[in-house]
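Only a predicted model underlies this, so the values are computations on that prediction, with no experimental measurement involved.
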Amino acid sequence: MHYMKLHPLGQKQGRNEFVLRLQPSEAMYMKLTVKQPGFEMSTVQSELDLSYRQHYQGVVIPEGYECLILDTDELKAAWEIFTPLSRRIDNGEVRPIPYKPGSRGPAEADELLQNAGYDSVKFGVLVLKE
């Protein structure tokens, strides 16, 4: 995104920019024309830069297709877990426990968590028993 080019006090400066780069070399940065510190009325170009490869060296950042493949594998694993349960529900072997829409779920879910060693859920985070 490029902003209108301004010439404060007759000086020529670069224009303000906000850049989001997704692929390749993921980055997010802003180039801004700002007043130079001090009493002078002059401006300088300043940059706020978050280039992932520069700031997160040694961290593997997957490419777009790698993410898609990983998401597909996770989705497949989720369906392998859920499909047998879904079939048992369809066959009437298991009855889903109803709960109020918009709530955290049925009270039985809290009992299940307590039996698994969790004390409670606070602000969406599971809290282990001490």
At their closest point, which heavy atom of Glu80 faces which heavy atom of Pro84, and how far apart are they? O-CD, 3.2 Å
Residues passing the side chain to side chain contact (heavy atoms under 4.5 Å, CB included) test with Arg21, sequence neighbours excluded, are Ser25, Ala27, Tyr29
Is the shortest side-chain heavy-atom distance between Thr83 and Arg87 below 4.5 Å? yes
For Leu48, all residues meeting side chain to side chain contact (heavy atoms under 4.5 Å, CB included), sequence neighbours excluded: Met30
Mind checking side chain to side chain donor-acceptor pair (under 3.5 Å) for Arg88 and listing every partner two or more places apart, or none if nothing turns up? Glu93
Across all chains, not counting sequence neighbours, the side chain to side chain contact (heavy atoms under 4.5 Å, CB included) partners of Ser46 are Val34
Please name the pair of heavy atoms, one in Pro96 and one in Pro98, separated by the smallest distance, quoted to 0.1 Å. O-CD, 3.4 Å
Besides Leu75, the hydrophobic cluster formed by Ile, Leu, Val, Met, Phe, Trp and Tyr side chains linked at under 4.5 Å, directly or via other members, contains Trp79, Phe82, Leu85, Ile89, Val94
I'd like to know if Ile81 and Leu112 are part of one continuous hydrophobic network [Ile/Leu/Val/Met/Phe/Trp/Tyr, side-chain heavy atoms within less than 4.5 Å]. no
Of all the heavy-atom pairs spanning Gly38 and Lys35, show the shortest one and how long it is. O-NZ, 2.7 Å
Hey, could you give me each pair passing ring pair (Phe, Tyr, Trp, His ring centres under 6.0 Å) that has a residue in residues 87-112? Not counting sequence neighbours. none
Start with the C-alpha gap between Thr33 and Gln45, add the side-chain angles, then the distance that decides, and say whether side-chain contact (heavy atoms from CB on, under 4.5 Å) holds. CA-CA 5 Å; Thr33 301; Gln45 191 79 19; 3.4 Å; yes
More than 12 heavy atoms from other groups under 6.0 Å of CD on Glu40: no
